[in-house]
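So the structure is just underneath, and the comments pick up after that.
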Amino acid sequence: MANDLMQFEFMSLLNIFFCIAMGAFVLKEDPHLKSFYACLSTSIFQMCAERGMGGPSCLFPFLVFDAVNFVFDLLMKSRLLGLHAYGLALAGTLVAQASCAYFTWTVIKVTQAVSDPNAVEMGG
């Protein structure tokens, strides 16, 4: 039982790490994440960096990955919210995932509206 729980939690932590790494690639020009991006792009994600992945092209994959993590965490772990420290950490993770999904969707809508000249109304 304990080994199954550890495997389950390891996969959850791995999913969160992938979301963080994707977020670093989305914000690779940000001065606060530049050193973290440099570390990722010269080590385990070197192939992604060499292919020029990052920036706005990673927004939609980040949204999908984060939303799927949020839904599965909500469905599979909601019964664990009552535990003291774990429940608090889980609640924080759920709030962060939901916030990331919402704000990423908002950015995608704004960039699509700006890139489509017919979608932006000119006041006059």
Side-chain angles (χ1 to χ4, degrees):
M1 170 97 179
N3 285 337
D4 292 338
L5 185 61
M6 290 301 289
Q7 276 183 325
F8 186 66
E9 289 305 314
F10 177 73
M11 293 307 292
S12 296
L13 290 173
L14 192 61
N15 282 336
I16 291 172
F17 173 73
F18 281 136
C19 276
I20 291 170
M22 289 172 77
F25 270 79
V26 169
L27 299 171
K28 68 181 183 178
E29 284 95 20
D30 186 70
H32 299 97
L33 294 176
K34 219 172 204 37
S35 60
F36 183 56
Y37 172 75
C39 176
L40 290 175
S41 65
T42 57
S43 58
I44 58 176
F45 292 106
Q46 184 175 6
M47 184 178 287
C48 297
E50 288 173 353
R51 292 183 178 190
M53 295 179 178
S57 64
C58 288
L59 277 174
F60 192 72
F62 176 71
L63 171 67
V64 170
F65 201 81
D66 189 61
V68 168
N69 276 344
F70 172 72
V71 169
F72 278 114
D73 281 351
L74 194 62
L75 292 175
M76 304 293 253
K77 297 181 181 181
S78 60
R79 64 184 179 356
L80 301 173
L81 284 171
L83 298 177
H84 296 289
Y86 184 84
L88 184 62
L90 179 61
T93 302
L94 289 172
V95 167
Q97 289 174 346
S99 300
C100 284
Y102 171 75
F103 289 121
T104 304
W105 177 250
T106 305
V107 168
I108 288 173
K109 286 191 330 189
V110 167
T111 55
Q112 285 177 346
V114 169
S115 66
D116 184 15
N118 296 327
V120 179
E121 293 183 23
M122 302 299 280

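Excluded from the calculations below are hydrogen atoms, water molecules and symmetry mates; all remaining heavy atoms, backbone and side chain alike, are included. Worth saying up front: this structure is predicted, and the values here are computed from it rather than measured.
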Connected via hydrophobic side-chain network under 4.5 Å: Ile20 and Met11:
yes
The side chain to side chain contact (heavy atoms under 4.5 Å, CB included) partners of Val107 (sequence neighbours excluded) come to Leu59, Thr111
Distance, nearest 0.5 Å, that separates NZ of Lys34 from NZ of Lys28
9.5 Å
Linking directly or through intermediates, with side-chain heavy atoms under 4.5 Å: list the remaining ILVMFWY members grouped with Phe103, chain and number order.
Tyr102
Under the side-chain hydrogen bond (donor to acceptor under 3.5 Å, both in side chains) definition, can you give me all pairs with a residue in residues 45-65, not counting sequence neighbours?
Gln46-Glu50
Can you name the residues that form a side chain to side chain contact (heavy atoms under 4.5 Å, CB included) with Leu94, not counting sequence neighbours?
Phe70, Asp73, Leu74, Leu81, Leu90, Gln97
Test of understanding: with side chain to side chain contact (heavy atoms under 4.5 Å, CB included), list the residues that count as partners of Ser41, not counting sequence neighbours.
Tyr37, Ala49
Between Thr93 and Ile16, is a side-chain contact (heavy atoms from CB on, under 4.5 Å) present by the stated rule, with each step listed?
CA-CA 9 Å; Thr93 302; Ile16 291 172; 3.8 Å; yes
Quick check on the hydrophobic clustering: are Phe60 and Phe25 connected, directly or via other members, by side-chain heavy-atom contacts under 4.5 Å?
yes
Cys58 and Met53: which non-hydrogen atoms are nearest, and at how many Å?
SG-C, 4.3 Å
How many angstroms lie between atom CG of Leu63 and atom SG of Cys19, to the nearest 0.5 angstrom?
10.0 Å
CE-CZ distance between Met22 and Phe18, expressed to the nearest 0.5 angstrom
10.0 Å
Under the side chain to side chain contact (heavy atoms under 4.5 Å, CB included) test, which residues partner Ile44, sequence neighbours left out?
Phe17, Leu40
Given side-chain contact (heavy atoms from CB on, under 4.5 Å), test Lys77 with Ser12 step by step and report yes or no.
CA-CA 10 Å; Lys77 297 181 181 181; Ser12 296; 2.7 Å; yes
Shared hydrophobic cluster, Phe36 / Val26 (ILVMFWY, side-chain heavy atoms < 4.5 Å):
yes
Gap separating the CG atom of Leu33 from the CG atom of Leu27, nearest 0.5 angstrom
6.0 Å
Should Leu14 and Phe62 be regarded as members of a common hydrophobic cluster, given that ILVMFWY residues are connected when their side-chain heavy atoms come within less than 4.5 Å of each other, either directly or indirectly?
yes
Cluster overlap Met47 with Phe45, hydrophobic side-chain contacts below 4.5 Å
no
